Amino acid sequence: MNDRVSVNEPLESPVQHGSPVAVPEKGEPMGVQGGPRPEEGMSLYVGQKAENLINEYGEPTIVEPSSFQYEWWIYKGKPSFMAGVLNGKVIQLYTADKSADTAPFEIGQNVQEIHRFTPIESEIDVNIKDNTYTFSLNSEDIKNRILIPYQDLYVQLYIDEVDEQLEGIRFISPSTLVKHQPYDMTYLGEMIEAPKPSSAVQTEVDSAMERQTLELTNQLRVEHGVNALIEDSKLATLSWEHSQEMTFQKYSSREDEPTENYAERLKAAEILSIKAGENTAFNYIDAIETVHGWLNSPKHRDVLLNPTFTHTGVGVYNKYYTQSFIAQTKKSDLNN
């Protein structure tokens, strides 16, 4: 490894998804339940028919699949946002756009202000029919992935720990939150799970998450006063191959990296650069969680927001993510 190449250990999701703990019946639930829903803002669309979204914002720019059966409707106008739609109903909304009405919160809001006006709890219940799902937030979650309960609505606040401000927000329905299982969870009753996608659908999902990872990265970079990156097809192929190999090697954070040195892979692909970097991650449920995970990991953040980089390529394979970055100084350096 040399000073021109920055490579980090793969960032592992802090949650073992799909491994909730069933608990015996033990009286009344202990977690916090939500108060009244917000009366204004984009959160109102969660639980409504998707046609209401179209009436307000028009048709989505892109429609993409997810690992959880719903579709992602991507809106690139003002405001820009992502809406999860299942069976004609909006089941979640995510945005990092300051122009979006995210009442009662604001993108860019100081985290101290959020704590001052919003009760933050570490145990939160989701009640669906006769079933109770209890999410446990650890100290890191309280710092950068806060969960706020309302009636029939939950809000995930993605905090930038360095800038201490709200970077992104996800409004999500109770059943979708349970299917995602973004925090440690115990449950009493029956577990709700989305069926595993077929291999063909998973390939489409991976492609969608590649595009979303790139877009979310550029949103964050622009928000932090850094140049947006240009997508590079050879870097994307290199990243995809690396994610595939990590999957086949069943890489975990407790093992040595099973793949070739990044600098060697760049050289073999004949990709020239004056500086290069790479971020990897695995077991995150989607691009939103992955990119915010990188943002709050100091070494990954340094690569993600490095102003020297000019081009990037993302490769996703079965919940393994690789994003390659390079800096190029002239057009003749490009190898597409």
Side-chain angles (χ1 to χ4, degrees), residues 2-11 74-82 94-100 102 106-111 143-145 157-170 209-236 238-239 262-263 266 271-281 284 286-316 321-331 333-334 336:
N2 57 58
D3 293 338
R4 295 190 303 108
V5 181
S6 302
V7 179
N8 296 309
E9 286 295 305
L11 191 66
I74 312 296
Y75 284 83
K76 292 189 175 183
K78 279 293 180 183
S80 62
F81 63 95
M82 300 166 60
Y94 168 84
T95 186
D97 190 337
K98 286 185 175 180
S99 70
T102 55
E106 293 183 12
I107 302 299
Q109 188 174 6
N110 184 274
V111 69
K143 286 181 186 176
N144 59 48
R145 290 194 313 140
L157 304 178
Y158 295 95
I159 306 296
D160 181 335
E161 283 190 43
V162 174
D163 293 345
E164 296 187 329
Q165 67 179 25
L166 179 60
E167 198 69 53
I169 188 167
R170 189 193 310 237
M209 288 196 288
E210 289 168 356
R211 193 203 62 76
Q212 292 166 18
T213 299
L214 172 61
E215 189 151 306
L216 291 168
T217 294
N218 275 338
Q219 284 181 357
L220 285 176
R221 286 176 66 90
V222 170
E223 184 61 37
H224 286 82
V226 182
N227 58 294
L229 299 167
I230 300 168
E231 185 176 13
D232 183 279
S233 60
K234 292 193 75 171
L235 281 176
L238 193 73
S239 295
Y262 178 45
L266 283 171
I271 297 174
L272 304 176
S273 66
I274 57 173
K275 187 175 177 60
E278 182 182 70
N279 278 339
T280 49
Y284 283 90
D286 58 21
I288 297 168
E289 293 276 343
T290 302
V291 174
H292 282 286
W294 282 334
L295 182 69
N296 283 314
S297 171
K299 291 183 179 179
H300 295 84
R301 180 191 183 93
D302 287 346
V303 172
L304 188 73
L305 301 181
N306 191 310
T308 305
F309 295 135
T310 57
H311 294 73
T312 190
V314 181
V316 178
Y321 302 73
T322 302
Q323 185 168 23
S324 303
F325 303 77
I326 59 172
Q328 293 176 324
T329 55
K330 56 182 184 296
K331 195 170 182 179
D333 283 340
L334 297 179
N336 287 314

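Everything numeric here is computed off the predicted structure, so don't read it as measured data.
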**Q.** Side-chain donor or acceptor of Thr217 paired with backbone N/O of Thr213 under 3.5 Å
**A.** yes
Q. What are the two closest non-hydrogen atoms of Ser273 and Ile326, and how far apart are they?
A. CB-CB, 3.6 Å
Q. Residues two or more places apart in sequence or in another chain: which of them pass ring pair (Phe, Tyr, Trp, His ring centres under 6.0 Å) with Phe81?
A. Tyr57, Tyr75
Q | Partners meeting side chain to side chain contact (heavy atoms under 4.5 Å, CB included) with Asn296 (sequence neighbours left out) | A | Asn144, Asp160, Glu161
Q) Quick check: does any side chain N or O of Glu215 sit under 3.5 Å from a backbone N or O of Gln212, one acting as donor and the other as acceptor? A) no
Q | Beyond-backbone contact of Thr280 with Glu9, side-chain heavy atoms, under 4.5 angstrom | A | no
Q. So how far is it from Leu266 CG to Leu235 CG, rounded to the nearest 0.5 Å?
A. 7.0 Å
(Q) Is there a side-chain contact between Ile74 and Arg211 in this structure, where contact means two heavy atoms from C-beta onward sitting under 4.5 Å apart? (A) yes
Q. Of all residues at least two apart in sequence or in a different chain, which pass the side chain to side chain contact (heavy atoms under 4.5 Å, CB included) check with Ala281?
A. Leu11, Tyr284, Thr290, Trp294, Tyr321
(Q) I'd like to know if the side chain of Arg4 reaches the main chain of Gly277, judged simply by a donor and an acceptor atom lying under 3.5 Å from each other, with no hydrogens or angles considered. (A) no
Q. Is there a side-chain contact between Glu278 and Gln323, using heavy atoms and a 4.5 Å cut-off?
A. no
Q: Determine yes or no for a side-chain-to-main-chain donor-acceptor pair under 3.5 angstrom, with Thr312 supplying the side chain and Ser324 the backbone.
A: yes
Q: Would you check if Ile230 and Thr310 make a side-chain contact, meaning some heavy-atom pair closer than 4.5 Å?
A: no
Q. So, Asp286 and Arg170, do they make that salt bridge, N to O below 4.0 Å?
A. yes
(Q) For a quick check under 3.5 Å, do Asp97 and Ser99 share a side-chain donor-acceptor pair by atom type? (A) yes
(Q) How long is the straight-line distance from CG of Leu166 back to CG of Leu157, given to the nearest 0.5 Å? (A) 5.5 Å
Q. Looking at residues at least two apart in the chain, or sitting in another chain, which of them share a side chain to side chain contact (heavy atoms under 4.5 Å, CB included) with Val303?
A. Ser6, Asn8, Asn279, Phe309, Phe325
Q) For the atom pair CD (Gln328) and CD1 (Ile274), what is the distance rounded to the nearest 0.5 Å? A) 9.0 Å
Q) How about Glu210 and Ser239: do any of their side-chain heavy atoms sit closer than 4.5 Å? A) no
**Q.** Distance (rounded to the nearest 0.5 Å) between Ser80 OG and Leu216 CG
**A.** 9.5 Å
Q | Arg221 side, atom CZ; Asn227 side, atom CG - distance, nearest 0.5 Å | A | 4.5 Å
Q: Show your reasoning for whether side chain to side chain contact (heavy atoms under 4.5 Å, CB included) applies to Leu305 and Leu295.
A: CA-CA 8 Å; Leu305 301 181; Leu295 182 69; 3.9 Å; yes
Q: Please name all residues satisfying side chain to side chain contact (heavy atoms under 4.5 Å, CB included) with Glu223, sequence neighbours left out, ordered by chain then number.
A: Lys98, Glu167
Q: Could you check Met82 against Thr95 for side chain to side chain contact (heavy atoms under 4.5 Å, CB included), going step by step and ending with a plain yes or no?
A: CA-CA 6 Å; Met82 300 166 60; Thr95 186; over 6 Å; no
Q) For Arg145, what residues pass the salt bridge (charged side-chain N to carboxylate O under 4.0 Å, His left out) criterion, not counting sequence neighbours? A) Asp141, Glu289
(Q) With side chain to side chain contact (heavy atoms under 4.5 Å, CB included) as the criterion, how do Glu231 and Leu214 come out once you've worked through the C-alpha distance, each side chain's angles and the decisive distance to 0.1 Å? (A) CA-CA 8 Å; Glu231 185 176 13; Leu214 172 61; 3.7 Å; yes
Q: Please answer whether the main-chain N or O of Gln165 pairs with a side-chain N or O of Asn110 as donor and acceptor at a distance below 3.5 Å.
A: no
Q) Is any side-chain heavy atom of Val314 closer than 4.5 Å to a side-chain heavy atom of Val316? A) yes
Q) Rounded to the nearest 0.5 Å, how far does CD1 of Ile288 lie from OH of Tyr158? A) 6.0 Å
(Q) If you compare all heavy atoms of Ala263 against all heavy atoms of Val5, which two are closest, and at what distance to 0.1 Å? (A) CB-CG2, 4.1 Å
Q. Going by the angle between their ring planes, with limits at 30° and 60°, are Tyr94 and His292 parallel, tilted or perpendicular?
A. perpendicular
